[in-house]
Protein chains: 2
Amino acid sequence: MAHLTVSVEYGVHSLLWLTYAGDKALSSRDLADLQGISHSYLAKIFPKLEKAGIVRASEGVRGGYMLSRAPEEVSALQIVDAIEGRKPLFDCQDIRGRCAIFGGAPPTWATNGVCAVHAVMLRAEKAMRDALAGQSLADIGRALGDKAPPEFAAETQTWLDTRLSARVGRPGAPSEREVPT
Amino acid sequence: MAHLTVSVEYGVHSLLWLTYAGDKALSSRDLADLQGISHSYLAKIFPKLEKAGIVRASEGVRGGYMLSRAPEEVSALQIVDAIEGRKPLFDCQDIRGRCAIFGGAPPTWATNGVCAVHAVMLRAEKAMRDALAGQSLADIGRALGDKAPPEFAAETQTWLDTRLSARVGRPGAPSEREVPT
DNA sequence: CATAACGCGGACTGATATTATCCGCGTTAT
DNA sequence: ATAACGCGGATAATATCAGTCCGCGTTATG
């Protein structure tokens, strides 16, 4: 796949729903069902966001996740790094030292400092990271909110509330997880 | 692996050697041996550079590759695109349309235009590509040349000339490809 | 206090991309 | 004619990604 994987897509979209939910904790299952994506896979992404301090988890029944910071304080870069783990755009194999002219013993002038080719890629990576760092979760949420009609917020709250009350632990009566369209 | 693969590393370094070679055509085998990398793999990269118009090939004995443009006119972006094939930084799965609230029939306001999350990544990708577009092969070669001592250029010419004369097609006497260190 | 819904982590699987290698074909200087 | 080229296809090893499944400890509910 591409450099930024679907894990990032799942993660960012889920965080956007959390900004909608306010102080209510949403479970990874709710978030997965709401978005029509794999629950077990999304469940592997959230612990990464938690370790990065972007999200807070509450365990047990009625547990789930909440944003641990204001959406303005969460940059796209922080989310990407939390999920992808600071993977470099380019990983230099240091070709320069293998030059046959050096015959196995490359001089120090050839190998010290950063490889000129690597430097080019590092500048490109920095430009990308700066662009990501300049965009917050709040910015993305705003762009998204501008498209949705006003009644959508209410519909979302209804869906979430139905879901929250439906999933109460009732021994002997496993919940059906059926939700009106 | 990372988004920018070793193919790019091989390609850029090889093009840098071509700037050294001037009007002499270097074979992919020479370039591979000179740099201590796989010949058969490098041989798969050059046709891509040729199709992109960065390099010109001459066939037959004593054939090889030459730059088809001045190093100032070749940007890092052109090389990356030629080799990697314009692969996107992020490929959007359009999660937004799968929202359960829409019940399988997402409204047009939800799906038209570019997804807000995708837009963030597109801005980051553009920043990266702009950074690559702003750096030419000549720039990289200069950074590299500044490190090498003056006598290195002569050593390189010697290595290449030895190589060129050693590989003359002599029936019955397959060349040994041995070159002094 | 038993139950079921949580989060957490590890093992595992299938698909795809990367990094190669090898072979046969047509071209061309010696 | 020969051997060194470039060109393209087939194949293989390895890694990563996307996704599933399981068992563990925690916790509100009835």
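Chain A is the first sequence line, chain B the second, and so forth, proteins listed ahead of strands; every chain is numbered from 1. Note that this is a predicted model, so its numbers are computed, not measured.
Residue Y65(B) places at least one side-chain N or O under 4.0 Å from the OP1 or OP2 atom of dC7(D). A close approach under 4.0 Å does occur between a side-chain nitrogen or oxygen of R62(B) and OP1 or OP2 of dT30(C). Residue K48(B) places no side-chain N or O under 4.0 Å from the OP1 or OP2 atom of dG8(D). Phosphate proximity of dA17(C) to T5(B): absent, as no side-chain N or O sits under 4.0 Å from OP1 or OP2. Put simply, S7(B) has a side-chain N or O that comes within less than 4.0 Å of OP1 or OP2 on dT19(C). For the pair Y10(A) and dA18(D), the criterion of a side-chain N or O lying under 4.0 Å from OP1 or OP2 is not met.
If you check the side chains of S136(A) and E73(A), you find no donor sitting under 3.5 Å from an acceptor.
The ring of W109(A) has its center closer than 6.0 angstrom to the ring center of F102(A).
Pair check for dA29(C) finds dT2(D); Watson-Crick or G-U wobble, both atom distances under 3.5 Å. Remark: dT13(C) base-pairs with dA18(D); criterion is Watson-Crick or G-U wobble with both hydrogen-bond distances under 3.5 Å. Here dC7(D) sits opposite dG24(C) as a Watson-Crick or G-U wobble pair (both hydrogen-bonding atom distances under 3.5 Å).
Among dG8(D), dT21(C), dT19(C), the nucleotide with an atom closest to any side-chain atom of S38(B) is dT21(C). Here dT28(C) is the nucleotide among dC8(C), dT28(C), dT18(C) with the atom lying nearest to any side-chain atom of E59(B). Checking dC22(C), dG9(C), dA29(C) against the side-chain heavy atoms of S40(B) singles out dC22(C) as nearest.
Remark: D161(A) does not engage R163(A) in a salt bridge, criterion side-chain N to carboxylate O under 4.0 Å.
Distance CD1/I79(B) to NZ/K48(B): 14.0 Å, rounded to 0.5 Å.
One N or O donor and one acceptor, one from the side chain of K44(B) and one from the base of dG9(D), sit under 3.5 Å apart.
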